[in-house]
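This report concerns only the one structure given below.
Since the structure is predicted, the reported quantities are computational estimates derived from the model, not experimental observations. Naming convention: chains lettered A, B, ... in sequence-line order (proteins, then strands); numbering from 1 in each chain.
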2 protein chains.
Amino acid sequence: MATLTKGSPSRTHATVRATVDLVILTLQAGRPHVLLVERGKEPYRGRLALPGGFLRDGEDLHDAAVRELVEETGLDAGHLHLEQLATYGTADRDPRGRVLTVAYLALAPSLPAPVAGSDASDARWAPVGDEAAPFRLAFDHDQILRDGLERARSKLEYTTLATAFCAEVFTIGELRQVYEALWGMAVDARNFNRKVTRTEGFVVPTGQKRQPATGRPAALYRRGPATALYPPMLRTRVDIEN
Amino acid sequence: MATLTKGSPSRTHATVRATVDLVILTLQAGRPHVLLVERGKEPYRGRLALPGGFLRDGEDLHDAAVRELVEETGLDAGHLHLEQLATYGTADRDPRGRVLTVAYLALAPSLPAPVAGSDASDARWAPVGDEAAPFRLAFDHDQILRDGLERARSKLEYTTLATAFCAEVFTIGELRQVYEALWGMAVDARNFNRKVTRTEGFVVPTGQKRQPATGRPAALYRRGPATALYPPMLRTRVDIEN
DNA sequence: GCAAAAGTGTTGTCTCTACACCCATGA
DNA sequence: TCATGGGTGTAGAGACAACACTTTTGC
């Protein structure tokens, strides 16, 4: 019944392999960093890529993401934020054949040294920022990274997710630096302080204080139970696409 | 090297099939409706499900979503909103074997009669609303539907997407009914009017008017170029998860 | 005292909410 | 003239931006 024209997809159901790729973001020296691996195998051997790997038989997607995360960072996955980002399925995105990748976004407190090994010949934190100078990552990973960053940036606006970049206890100043690093703009420390401490459930005081290198000691806080931030903390005018 | 323990995933790479499922929302009689099909084949024969189908060889994900959309609704896909929602990949979600599904969300202006045929023995618009009375859809489609609805609801807040539910030209009153239907709450018509008409690029006046059944004629508008809505139009306090 | 970071107070502006009120039409 | 929906005006509350000012430490 169907006449296949040149280049059109056949009517057979595609059998695909699925990978899970991770955009793992953290903060280092006041700048957002992403975990990248140098590929040890073809295709794209020697090129930088997001960490990830094939989904295994009988393995849930989310479990696969957790597994990759632990393999690459050695972090205890229980303590960090992991959410699905999007799925990338262009037919020719992988020269090995039809491979769908489900991308996940992970947010981690600062820098545990990455774990080298597995199929990545090298893993490192790379600073990510001005889109002016992107990496030339393998596959469509540049796009995935952009999407992940934008997701993180916009979620800071209307959720309390910024605390995911902080350690167990943190100061308001550290939390503010998360916003400044990801948004790439200065945030008024005084207004920020009020906003955060007056938003029910965003942070809870520990009663402790911490001495900075210089200056007045800052009160320490833990994450609060709130997840939504209402009213949101809006960046000054950025276009949202889609 | 690896010792497989009982129930743990094997180390072989999963080969999966991929489907694309659609949450197609529209408005009918002031209530949101979703397009459902009655399954004509096993599994879940006779049960309601979201429309969808298998990804074909060499077919891009997004193209597959467009194809399904056209097949099921007969709509011109150029005129409606289609975006990726999320991917569902629990190992046992499909009794036929390992099937990943990439869900898409589509928003359509009101009711073109659905196209029966293809592998769906029947297609219909079903009212969707109070989560108190969910459908008992096939697979994990109840979850996908919930996620799609919530996505649509929250996108009304900070984008101009509500116009996707309206015809080519529409009145502010009709646009307001989109918000009221999806949010399930009354919106003050007078404040809404100002908000919409004063937000640069949300709607553009056509200069025409339309006579309602009763009452003063309403000015007609088209969609404007803006996609983001700034400042957002916030629902009164709803928790955002994840 | 000085630098540096934490934290409070204050003022003007903007936006939203909640209404009162007028407009244009059909019955 | 009434009912119905469209549309403007306005006053009060809340949030935010901007910035002056105080606090607490190390040097």
Open item on the list: Do Phe202(A) and Leu175(A) make a side-chain contact, defined as non-hydrogen atoms from C-beta onward lying under 4.5 Å apart?
Closed with: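 The answer is yes; the side chains approach within 4.5 Å.
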Nucleotide [N], atom [atom2] - distance to [atom1] of [X] in whole Å:
| X | N | atom1 | atom2 | result |
| --- | --- | --- | --- | --- |
| Leu234(A) | dC16(C) | CG | P | 11 Å |
| Arg198(A) | dC16(D) | CZ | P | 11 Å |
| Asp188(B) | dG9(D) | CG | P | 16 Å |
| Arg210(A) | dT25(D) | CZ | P | 16 Å |
| Lys195(A) | dG14(D) | NZ | C1' | 11 Å |

Open item on the list: Using a strict threshold of under 4.0 Å (side-chain N to carboxylate O), is an ion pair present between Glu71(A) and Arg67(A)?
Closed with: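 Looking at Glu71(A) together with Arg67(A), the answer is yes, because their closest N to O distance falls below 4.0 Å.
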Task: Under 3.5 Å: donor-acceptor pair, side chain of Arg39(B), backbone of Arg47(B) - done: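 The answer is no, because no donor-acceptor pair under 3.5 Å joins these two groups.
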TODO: Check whether any side-chain N or O of Asp142(B) sits under 3.5 Å from a backbone N or O of Leu137(B) as a donor-acceptor pair, and report yes or no.
DONE: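 Yes, Asp142(B) side chain to Leu137(B) backbone: donor-acceptor pair under 3.5 Å.
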Open item on the list: Would you call the rings of His141(B) and Phe139(B) parallel, tilted or perpendicular, taking 30° and 60° as the class edges?
Closed with: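 The arrangement is tilted - the two ring planes meet at 30° to 60°.
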Open item on the list: Quick check on DNA chain D: between Pro231(A) and Arg194(B), whose nearest nucleotide comes earlier from the 5' end?
Closed with: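 Looking at DNA chain D, the more 5' nearest nucleotide goes with Arg194(B).
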Every protein N/O within reach of nucleotides 23-27 of chain C N/O, cut-off under 3.5 Å:
{"residue": "dC23(C)", "atom": "O4'", "partner": "Arg216(B)", "partner atom": "NH1", "Å": "3.3"}
{"residue": "dC23(C)", "atom": "O2", "partner": "Arg216(B)", "partner atom": "NH1", "Å": "3.3"}
{"residue": "dA24(C)", "atom": "N3", "partner": "Arg216(B)", "partner atom": "N", "Å": "3.2"}

TODO: Using heavy atoms to find the nearest nucleotide of DNA chain C for Arg176(A) and Asn191(B) separately, return the residue whose nucleotide is more 5′.
DONE: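 Comparing both residues, the 5'-ward one is Arg176(A).
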TODO: Check every strand shown and say whether Ala219(A) touches a base, only sugar-phosphate, or nothing at a heavy-atom separation below 4.0 Å.
DONE: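 Sugar-phosphate, backbone atoms only, no base.
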